[in-house]
Every structure is written in C-alpha cells, then in structure tokens.
Amino acid sequence: MQWTVVVPLKALARAKSRLSDTAADGLRPALALAFAQDTVAAVLSCAAVRDVAVVTDDPLAARELAALGARVVADEPAGGLNAALAHGAAVVRGARSGAAVAALNADLPSLRPLELARVLDAAAEFPRAFLPDAAGIGTTLLAAGPGRELLPAFGTDSRARHRASGAVEIALDEVDSVRQDVDTGNDLRAALALGVGPRTAAAAARLLIPEQPADLPAD
C-alpha cells in the first residue's frame, strides 16, 4: 500500500514554545523549520510513501517544504491541529478518493525512512491504526486505510483517545525514530542521541553555549 502522509505545521513564530528552556525565542522558529524539513525529507525517501501534503499557513515553511517536494495545503480551517489534519486528509481524498492517508508529526528530526515503512506496513493491516510517542502518552502517527475516516484526536492524552476511537495501537520494536517527537529540551537531547537530519543538526549546533575563556592570571 502506498500512503499519502499529511504533516501539519503551525506558524513558525508560535512553534515549539516548550523549548524555551533550551532555545531562545529567536532560535525556535529556525529549529521548528529544521525539524519539519528533516521530517519531510525522510518521509519523501520512504518506499511506502506516495506523496506528502503539508498543512500550513507559514509562508517560509511552505516555500522550504515545497522545495523538498511536498504539496502545500493552506490551513483554511485555522482551527488547530486536528482541524488542519482533517482538512488535509479531505483535500488529498478530494483528488484521490481511495487514498490511504497517514497523519504524522512535523517534529521527528531523527526519522528514518525504513522505520517509517515498517510502521506504515503494519498500519496497512488495520482500518485505522496509530503509533504512540516515546513518552507513551501522545501519538506521532495515525493512519487510515482507503475508505476510512482519519478522525484525528491529537493533543493531550492522544494515545488513550485514539485507542478509544477504535484505532489499533501499532506494537513494533526498533522504530524509535518514528516515536521520538521533540517538544522539550529532554526530547531534543533524545533525538540528538538517536541521530538527527542535517538541518536539525545545524540548527541545534547554534544552541551550544561557547566555552568561557579562562581567566587571565593576575599581574
């Protein structure tokens, strides 16, 4: 099964506020864009993926992600994450009614195409399926096969909410890169330990505090 992956991305100026203890206000937009670029690049390299639709109203993100090969869909509902995902899925299926659609977080900078393919292949066995995040509370991927509504319920306790909605939880080992989203400084350190894409690596390098010069000896 070939999937269309829908990736939502809020305005970069408002993205990743929970990284404020790690990245200054002026650096967070670039970091959020780097996460999204590395995520989308990895998705486009996945053999199980037909195409990518990014739902965003941020002009810079739209331009940069389109340059990678993603289709950009305007966030017309402007009603938050789940509304954006439902809209993106509807636009995709407006063009191809039988499309298999998967919603994926935009903050998976460690994403590996082979691991994503394993998750999507597992999802193809069910009408709807989801993958919990590394913390075991949220969701990084929600998939709906042809003819099935996506019914996204991302946000607080989304793992429980997706399970309650009838989606099957995907139980796979060794797909850490698909689980490791980045909301906090600790998440970023975990992603860096897994290995991140080149854009995130470059952006994260700017967060390092330079060593202070040694004190000069007194005369």
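Everything numeric in this text was worked out from a predicted model, so none of it was measured.
Within the 4.5 Å cutoff, side-chain heavy atoms of F130 are placed close to those of R159. L27 is listed as a side-chain neighbour of L207, based on a closest heavy-atom distance under 4.5 Å. Inter-residue side-chain proximity for R118 and E174 is flagged as met; some heavy-atom pair is nearer than 4.5 Å. Using a 4.5 Å heavy-atom threshold, the side chains of R128 and V168 count as separate. A heavy-atom distance below 4.5 Å is not found between the side chains of L104 and V52. In this structure, T22 and N186 have side chains that are not in contact, with every pair of non-hydrogen atoms separated by 4.5 Å or more. Taking the side chain as every heavy atom from C-beta outward, K16 and P29 never approach each other to under 4.5 Å.
Smallest separation of non-hydrogen atoms from V101 and L150: O-CD1, 4.0 Å. Of all non-hydrogen atoms in D38 and P109, the two that sit nearest each other are CB-O, 4.1 Å. Residue V55 comes nearest to V6 through the heavy atom pair CG2-CG1, 3.8 Å, listed as atom of the first residue, atom of the second, then distance. Taking both residues in full, the closest heavy atoms of L31 and A204 are given as CD1-N, 4.0 Å, listed atom of the first, atom of the second, then distance. Here the closest non-hydrogen pair linking S158 and F154 is CB-CA, 3.7 Å. The minimum heavy-atom distance linking S177 with E115 is given by the pair OG-OE1, 2.7 Å.
Note on V43 and L68: same hydrophobic cluster, where clusters join Ile, Leu, Val, Met, Phe, Trp and Tyr whose side-chain heavy atoms are under 4.5 Å apart, directly or indirectly. Under the 4.5 Å side-chain heavy-atom criterion for grouping Ile, Leu, Val, Met, Phe, Trp and Tyr, L116 is not connected to V182 through any hydrophobic cluster. V119 is connected to V7 through a chain of hydrophobic side-chain contacts under 4.5 Å among Ile, Leu, Val, Met, Phe, Trp and Tyr, so both are in one cluster. Both L33 and L44 are assigned to one and the same hydrophobic cluster, defined by single-linkage of ILVMFWY side chains at heavy-atom distances under 4.5 Å. Cluster annotation: V196 and L188 are assigned to the same hydrophobic cluster (Ile/Leu/Val/Met/Phe/Trp/Tyr, side-chain heavy-atom contacts under 4.5 Å, transitive).
Side chain to side chain, R96 and T4 meet the donor-acceptor criterion of an N or O pair below 3.5 Å. Looking only at atom types and distance, the side chain of T139 has no donor-acceptor partner in the side chain of R161 under 3.5 Å away.
In this structure, L114 places its CG atom where only 12 or fewer heavy-atom neighbours from other residues, nucleotides or ligands lie under 6.0 Å away. Counting non-hydrogen atoms of other residues, nucleotides and ligands closer than 6.0 Å to CZ of R148 gives a total of 12 or fewer. Remark: Q2 CD is packed, more than 12 non-hydrogen atoms of other residues, nucleotides or ligands lying under 6.0 Å away.
Rounded to the nearest 0.5 angstrom, L81 CG and L9 CG are separated by 10.5 Å. Once rounded to the nearest 0.5 Å, the distance linking CD1 of I170 with CG of L131 reads 5.5 Å. Distance CG/D157 to CZ/R163: 10.5 Å, rounded to 0.5 Å. Note: D176 CG to R112 CZ = 8.0 Å, rounded to the nearest 0.5 Å. To the nearest 0.5 Å, the span separating OG1 on T56 from CG on L65 amounts to 7.5 Å. The CG atom of D58 sits 9.0 Å away from the CZ atom of R63 when rounded to the nearest 0.5 Å.
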Next on the checklist: Using side chain to side chain contact (heavy atoms under 4.5 Å, CB included), reason through N105 and T39 one step at a time and then give a plain yes or no.
Outcome noted: CA-CA 8 Å; N105 289 3; T39 299; over 6 Å; no

Next on the checklist: Show, in sequence, the C-alpha distance, side-chain angles and deciding distance for H162 and E169, and conclude whether the side chain to side chain contact (heavy atoms under 4.5 Å, CB included) test is met.
Outcome noted: CA-CA 8 Å; H162 282 134; E169 182 170 324; over 6 Å; no

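Side-chain atoms of R199 never come within 3.5 Å of backbone atoms of F35 as a donor-acceptor pair (strictly under, hydrogens ignored).
Residues forming a side-chain hydrogen bond (donor to acceptor under 3.5 Å, both in side chains) with T140 (at least two apart in sequence, or on another chain): none. In this view, V91 and R71, V73, H87 satisfy the side-chain contact (heavy atoms from CB on, under 4.5 Å) rule, not counting sequence neighbours.
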